[in-house]
Protein chains: 2
Amino acid sequence: MATLTGGGEPSATVKTVAAHAGVSAQTVSRVLRGTGYVSEETRAKVLAAVAAVGYRPNAVGRSLRAARTPMVGLLITDIGNPFYAALHKSVEAVFRGRGLTLMLLNSDDDRETERQQLDLLGSYRPSGLLVAPAVHSTLTTGDLAGFGAAVLVSRTLPDLAVPSVVTNEPEAMGEATRELLGAGHRRIAAVLGPEGASTTARREAGYREAMRAARAEPLVFYTDQTGPGARAALRQALHAHPGITAALGFNAPVTEGILAGLRDEGLRCPQDVSLVGFTDAPWMAFYPPPITVVRQPVEDMGRLAARLVLDLVDGKPVAPEPHVVPGTLLRRESVAAPPGPNPTEQGTV
Amino acid sequence: MATLTGGGEPSATVKTVAAHAGVSAQTVSRVLRGTGYVSEETRAKVLAAVAAVGYRPNAVGRSLRAARTPMVGLLITDIGNPFYAALHKSVEAVFRGRGLTLMLLNSDDDRETERQQLDLLGSYRPSGLLVAPAVHSTLTTGDLAGFGAAVLVSRTLPDLAVPSVVTNEPEAMGEATRELLGAGHRRIAAVLGPEGASTTARREAGYREAMRAARAEPLVFYTDQTGPGARAALRQALHAHPGITAALGFNAPVTEGILAGLRDEGLRCPQDVSLVGFTDAPWMAFYPPPITVVRQPVEDMGRLAARLVLDLVDGKPVAPEPHVVPGTLLRRESVAAPPGPNPTEQGTV
DNA sequence: CTGAAAGCGCTTACAG
DNA sequence: CTGAAAGCGCTTACAG
């Protein structure tokens, strides 16, 4: 059934089908697309011919004529980050069946690669684009306007007149911070992503605001947003500030890295250091201890972003203001009171 | 620089460039592709015109003429599985720069979806295909031959004359099983993937062979290869066989599920139940206890599979026998002796 | 309800 | 070293 052009027989085209059915190529096209009027008799003849000659549509010919490919790009910074893997899944689910292909592109969080990937995507004349811009991205409104239907997901870019879908990061990160403050912590390290990313800025703002309200000194650490990067950053943080009793993890890989760093230092969670993560992951629910975390509704975000692209493709207006999807604090068991004042129990190296 | 066809100005074509440079369209094409002889003067004129009119190549036109799109499909069963995410990354790294786009396709391990996705990919007349077939896949050698350069990764299909890249699963799973037998375990549950998948069959064979050699009774459980599925399966297994003291995890999500299931049952690892996983994940290295696991060299597998596709695309011969990449047992801390004979210490519910 | 003509953007022979 | 012609597979106006 799915036999394609091998190296062997030349593949059938609408012309082959037309000849076989004794009709014109346009009639074949009409039957195949289901548009316009075709008599039942003709339709049956064409369908029989399609099966007989083993015709398989050529999307390239169609795209060239239509001046548009039914394909939407999803440009992200790292498919290894489960958040983006989940995002891909939920977006793809919306597009599947609507005849839109989702094309995954990785920027590796590098702005040069980002531009290359976008050029590549653009060469296919796609119908739309979903993008989480790289750090210090040089993308402009003009660049994105070229894609017709462009929507930012998760990360935004300053001064870009493009719709976006984000989590209520300042509020959610503030709540996460207050969760630790409320347990009695004062020395709370925020292990963030790359300086310059909107996600870092927004989560940092929520953290700083909560710390300021509590008159606690903010302790901010930037990372490359990966587990190994966060692991190293946490160790440095602990050495520079031995009094740290709690940490906030920027995303799932960073939260992983924090746990690895704590282990490196012989520190227990939550007895020595409490932890609240941002963005849930399956293992966090049963990790000992289960990790308290701000869950980002990634499926909702993906669905919403996909629908916005669909609306733009259909020419419907979409509000340029950020579409904010609320995160939820899941209280599990990684937050406890700070260790007692007895310095021998603090376990600093 | 990356300004594309907006809704606005009609996009520049080779003709636009040709007119602006005062040359023919073919000359523009030659300059752009870097083939054939072009005088330096002409080249400079063309390049200037390209910049002046903001020309952006149209891959659709090129593909139609070439009867082939410089695109390779990667059809996998679940991008949420970190193994496949890592595979995508390593394959993409090989293709990038070679002018080949990698198109990620998800089958959700469903053979109908698999066929749809392959039809979709085929409609673009791609240059090649990397595929981990769905359970009970109906793909034939003919289906895959249509893609010219087709290579199976991770999973294979019986009676398919197509090159493949796999791990030495029987040997590696045998070694994992012996690791548990050697620690004194006899009641070892193998929590596998879907019945019918080659990966399940190959890992099961290694497990059964090792158990037979030790005259231990095999305890096999099939799952849908996800964390929640494995979690449920493990609980059932523990209830049906209260004497189980060790488990083997089919892949990273299943290993996660096993740990969740143990926690559900109030069982500790490794004091109550020892565990060896198959396929490493970052969190396993610092999970308490760090998980002993067979590491699959996913980057090597991806690179090798990508190179095989490249060879096939270039018309070079590729051995149809499976290309076997060896896994490595990483000994960490999730294996201990089985709990003592005192039944009150077994912690069964 | 159906068909003849034209053209989407590009590149491949074929000439000079 | 360069160009005029033709065509990849499809669909869009335009006729009937």
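Chain letters run A, B, ... following the sequence lines, proteins first, then strands; residues in each count from 1.
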Just how far, in rounded Å, is [atom2] of [N] from [atom1] of [X]?
X: B:Leu32; N: C:dT11; atom1: CG; atom2: P; value: 7 Å
X: B:Glu40; N: D:dT2; atom1: CD; atom2: C1'; value: 15 Å
X: A:Lys15; N: C:dA5; atom1: NZ; atom2: P; value: 12 Å
X: B:Gln26; N: C:dA15; atom1: CD; atom2: P; value: 15 Å
X: A:Arg62; N: D:dG9; atom1: CZ; atom2: C1'; value: 10 Å
X: B:Arg125; N: D:dC10; atom1: CZ; atom2: C1'; value: 11 Å
X: B:Lys45; N: D:dC1; atom1: NZ; atom2: C1'; value: 12 Å

Please determine if a side-chain N or O atom of [X] lies less than 4.0 Å away from the OP1 or OP2 oxygen of [N].
X: B:Tyr55; N: C:dC10; value: yes
X: B:Ser29; N: C:dC10; value: no
X: B:Thr27; N: D:dG3; value: yes
X: B:Ser63; N: C:dC10; value: no
X: A:Ser39; N: C:dT2; value: yes
X: B:Tyr37; N: D:dG3; value: no

Tell me whether [X] is salt-bridged to [Y], with the criterion being a basic N under 4.0 Å from an acidic carboxylate O.
X: A:Asp109; Y: A:Arg155; value: yes
X: A:Arg43; Y: A:Glu40; value: yes
X: B:Arg96; Y: A:Asp108; value: yes

Response to the item:
Annotated structure of DNA chain C as dot-bracket, pair cut-off 3.5 Å, Watson-Crick or G-U only, | for inter-strand, is |||.||||||||.|||
Worksheet entry | Polar pair under 3.5 Å, donor/acceptor by atom type, side chain B:Arg65, base D:dG9 | no
Fill in: No-H, no-angle donor-acceptor pair, A:Arg30 side chain to C:dG3 base, under 3.5 Å
yes
Worksheet item: Knowing that exactly one of B:Val72, B:Leu310, B:Val313 qualifies, which makes a side chain to side chain contact (heavy atoms under 4.5 Å, CB included) with B:Arg98?
Response: B:Leu310
Sub-3.5 Å donor-acceptor pair from the side chain of [X] to the main-chain atoms of [Y], do we have one?
X: B:Ser29; Y: B:Ala25; answer: no
X: A:Ser137; Y: A:Arg111; answer: no
X: A:Thr69; Y: A:Met71; answer: no
X: A:Glu299; Y: A:Leu87; answer: no

Item to complete: Mind checking A:Val60 for me? I need base, sugar-phosphate or nothing, with any heavy atom below 4.0 Å counting as a touch.
Response: nothing
Kindly point out which of [options] is positioned nearest to the side chain of [X]?
X: B:Asn58; options: D:dC10, D:dT2, C:dG9; answer: C:dG9
X: A:Leu64; options: D:dG9, D:dG3, C:dA5; answer: D:dG9
X: B:Ser24; options: C:dT11, D:dG3, C:dG9; answer: D:dG3

